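What follows is one structure encoded as structure tokens, with my remarks underneath.
Values in this document were obtained by computation on a predicted structure and should not be read as measured data. So that the names make sense, note that chain A is the first sequence line, chain B the second, and so on, each numbered from 1.
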Number of protein chains: 2
Amino acid sequence: MSIAAFAEQAVTSADKTFLQLRVDIVEGTIPAGSKLSETELSTKYQVSRAVIREAINRLESCHLVERKANVGARIVSLTPEGLIQLYQVREALEGMAARLAAKNMSDEEIADLTSLLDNHFQTVKGGESYYQEAGDLDFHYRIILGSKNQHLIEVLVNGIYHLIRMYRVQLGMAGPRVTTAFDEHKNVVQAIANRDEELAEMLMRRHILYSKNNIERKLLQS
Amino acid sequence: MSIAAFAEQAVTSADKTFLQLRVDIVEGTIPAGSKLSETELSTKYQVSRAVIREAINRLESCHLVERKANVGARIVSLTPEGLIQLYQVREALEGMAARLAAKNMSDEEIADLTSLLDNHFQTVKGGESYYQEAGDLDFHYRIILGSKNQHLIEVLVNGIYHLIRMYRVQLGMAGPRVTTAFDEHKNVVQAIANRDEELAEMLMRRHILYSKNNIERKLLQS
DNA sequence: AAGCTTCATTTTGTCGACAATAATAGCTGT
DNA sequence: ACAGCTATTATTGTCGACAAAATGAAGCTT
């Protein structure tokens with residue numbers, strides 16, 4: 001199982017438009033902070049305004065755009081403050097996810113997770129450090145899903161992670177932190193394997209906190 | 001300031017319909033688990049299907065209804081498991097909120113919060129135990145807002161709290177826990193006043209955990 | 001020249017009709 | 001009688017047009 005398992009399948013036209021728009025927003029094709037004109041988008045994406053409106057509504061529930069009545073929708077603007085706040089929420093939620101994963105993941109899921117980390121280790125040792133983007137995501141997603149908590153999964157996977165990715169792409173954070181992050185991952189998995197809820201949560205929180213500090217440092221540099 | 005400060009003001013017709021529908025769902029006027037027919041609702045509320053659809057979309061972002069493409073929307077069904085999961089998320093988020101409140105609340109806000117608790121104390125001492133519903137909410141809302149974290153506020157105030165209220169109303173949990181809860185509140189505020197982030201988070205988490213355990217006990221009784 | 005009012009234009013909100021999909025009932029064949 | 005298929009019905013999805021509100025420009029007043 002890869003993170004491709006999360007590829008939502010679009011059945012309606014509004015689905016496709018929503019997914020397309022989300023990509024365009026996250027990747028910055030449509031710049032952050034800009035206004036979303038319904039008529040403009042409806043001609044651009046070749047769908048009716050109703051479809052666009054529905055797509056925008058869904059984007060709003062992801063916190064990717066903000067709407068004001070009788071005025072319109074604009075893409076959220078990216079601020080250092082906003083990113084910090086995002087990481088605070090992420091720390092709380094993923095910490096809890098790790099705790100619940102330690103309680104709820106099946107032995108088989110844990111084994112899979114362990115072997116996943118082994119693969120990453122081979123890759124990292126092999127000198128390639130593409131790690132961060134795919135591997136890191138895979139690691140975090142499995143633990144989030146492992147929590148078996150529907151609300152947690154929803155908020156993190158459909159909400160926060162897209163926003164974080166938007167920050168990462170647009171503020172350019174391909175970041176190092178590869179090898180150190182790997183050790184942190186290893187320790188979290190070990191705690192989960194030991195069914196140590198307390199420790200799993202604490203380690204995950206620290207992992208995310210380090211990541212936040214790392215990003216904060218970068219932001220202040222530029 | 002009271003919690004009435006959160007009364008969202010409805011400007012468009014979709015706003016009003018959304019708010020009305022939310023009340024009807026939370027209060028159980030429309031029973032949990034039932035299907036939401038667009039045409040039916042549009043005649044019932046005297047608005048076009050377009051505004052019903054928009055309202056349903058927003059209800060979906062609150063996690064009060066679930067939609068399936070080409071099939072329709074139904075109100076979420078209330079399960080003990082779901083309530084437990086909700087409290088897990090709440091514990092994580094409000095714990096973080098208390099931590100951030102200890103860091104970010106102004107001295108004046110803290111003073112207000114303290115005097116609020118004093119008022120509650122007078123009321124509780126006076127024998128009336130209406131406490132829980134209004135007072136408890138006021139306490140928690142202030143701390144959530146005190147975190148100054150927009151994401152936290154959004155998820156808790158617009159999402160989780162309505163769901164929790166739905167559970168409380170429909171599964172009938174006017175709950176005691178008045179006096180003990182009051183002491184817990186007092187300790188949390190004390191920690192915030194001392195700017196002790198660590199302790200504030202821990203105490204808030206325990207407070208919510210106790211509350212969860214209390215509810216779990218009741219669920220198993222019935 | 002600055003500020004206010006008024007009017008034109010643009011954009012969002014709402015509506016009813018049509019298209020497409022899913023659920024249902026009835027029919028047919030074995 | 002039952003299973004499977006087909007046609008009918010009901011419901012959701014999509015569209016274009018109209019209504020209402022906000023933005024921006026022009027003209028007037030001071």
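- Straight-line distance from the CG atom of B/L36 to the C1' atom of D/dA10: 17 Å, rounded to whole Å.
- Terminal axes of the helix from C/dA1-D/dT30 to C/dT30-D/dA1 (five pairs each, C1' rotation axis) are separated by 0°, to the nearest 10°.
- Between A/R53 atom CZ and D/dG16 atom C1' there is a gap of 14 Å when expressed in whole angstrom units.
- Spacing between atom CZ of B/F18 and atom P of C/dT14 amounts to 14 Å, rounded to whole angstrom units.
- Contact between the side-chain N/O atoms of B/S48 and the OP1/OP2 oxygens of C/dT14 is not found at any separation under 4.0 Å.
- Phosphate proximity of C/dT12 to A/R74: absent, as no side-chain N or O sits under 4.0 Å from OP1 or OP2.
- Contact annotation: B/K35 reaches the phosphate of D/dT12 (side-chain N/O to OP1 or OP2, under 4.0 Å).
- Taking atom CZ of B/R67 as the reference point, atom P of D/dT12 lies 9 Å away to the nearest angstrom.
- Minimum atom distance to the side chain of B/A50 is reached by C/dC15, of the listed D/dT12, C/dA23, C/dC15.
- Residue A/I52 contributes atom CD1, which lies 14 Å from atom P of C/dG13 at whole-angstrom precision.
- Atom-to-atom, CZ of A/R49 to P of D/dA19 comes out at 15 Å; the value is rounded to the nearest Å.
- Under the 3.5 Å distance criterion, the side-chain polar atoms of A/N149 are matched with a main-chain donor or acceptor of B/Q85.
- One can place CD of B/E38 at 12 Å from C1' of D/dT14, the figure rounded to the nearest angstrom.
- Place B/T12 and A/V11 on DNA chain C by their nearest nucleotides, and B/T12 ends up nearer the 5' end.
- Atom C1' of nucleotide D/dT12 and atom CG of A/D15 are separated by 13 Å, given to the nearest angstrom.
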